[in-house]
Amino acid sequence: MLEKTTRMNYLYDFYQSLLTPKQRSYMSLYYLDDYSLGEIAEEYDVSRQAVYDNIKRTEAMLEEYEEKLLLFHKFQQRSKLIREMRTFLEEGSPSHQFLMEAVAELEKLD
């Protein structure tokens, strides 16, 4: 569950501008502010089921956006390469070739 929440938070960060104000609000309250479905329903004077349906549809939309645009995937790859480069530099390894390959990989992501 924590993994799904983390993923949704990242997808929300990347794609929130593509959502309606209501979708942004529900997702923000549910995932970022940890509101329950009942609390959101009470806040907006709608049924708990309406909130649930909206959140599920929005989650599916965020996954579709990611499937097409790959912003989160590229972010993860960049982060991994940067961690590897940092480790490489901290260890003082002398291979210039590794850094050039890592830079080339970073360039391909954009």
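Note that the structure is predicted; figures quoted are calculated from it, not measured.
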**Student:** Is there a chain of hydrophobic side chains (I, L, V, M, F, W, Y, each step under 4.5 Å between heavy atoms) that links Leu71 to Ile82?
**Tutor:** no
**Student:** Check whether Ser79 reaches the backbone of Phe75 with its side chain - one donor and one acceptor, N or O, closer than 3.5 Å.
**Tutor:** yes
**Student:** Take Tyr65 and Phe14 through the side-chain contact (heavy atoms from CB on, under 4.5 Å) test and state the conclusion after the steps.
**Tutor:** CA-CA 9 Å; Tyr65 293 148; Phe14 284 112; over 6 Å; no
**Student:** For Asp33, I'd like to know if atom CG has over 12 heavy atoms of other residues, nucleotides or ligands within 6.0 Å.
**Tutor:** yes
**Student:** In Å, rounded to the nearest 0.5 Å, how long is the span from CZ of Phe72 to CG of Leu11?
**Tutor:** 6.5 Å
**Student:** Measure the OH-OG distance between Tyr52 and Ser47 for me, rounded to the nearest 0.5 Å.
**Tutor:** 13.0 Å
**Student:** Of the non-hydrogen atoms in Tyr31 and Asn9, which two are nearest, and what is the gap between them?
**Tutor:** CB-OD1, 3.3 Å
**Student:** Could you grab the distance from atom CD of Glu39 to atom CD of Glu43, nearest 0.5 Å is fine?
**Tutor:** 9.0 Å
**Student:** When rounded to the nearest 0.5 angstrom, what is the spacing between OH in Tyr30 and OG1 in Thr5?
**Tutor:** 7.0 Å
**Student:** Compare every heavy atom of Lys22 with every heavy atom of Asn54, then report the nearest pair and how far apart it is.
**Tutor:** ND2-CE, 3.8 Å
**Student:** Flag the pair Arg7 and Glu66 as a salt bridge only when some basic side-chain nitrogen lies within less than 4.0 angstrom of an acidic carboxylate oxygen.
**Tutor:** no
**Student:** Measuring from Glu63:CD to Tyr15:OH, what's the distance to the nearest 0.5 Å?
**Tutor:** 9.5 Å
**Student:** Look only at the side chain of Arg48 and the backbone of Leu37, and say whether a donor-acceptor pair between them is shorter than 3.5 Å.
**Tutor:** no
**Student:** Could you walk me through whether Tyr44 and Leu29 pass the side-chain contact (heavy atoms from CB on, under 4.5 Å) test, one step at a time?
**Tutor:** CA-CA 11 Å; Tyr44 284 90; Leu29 289 172; 3.7 Å; yes
**Student:** Would you give the length of the straight line joining atom CD of Gln16 to atom CE of Met27, rounded to the nearest 0.5 angstrom?
**Tutor:** 10.5 Å
**Student:** With hydrophobic residues grouped by side-chain heavy-atom distances under 4.5 Å, do Leu81 and Leu70 end up in a single group?
**Tutor:** no
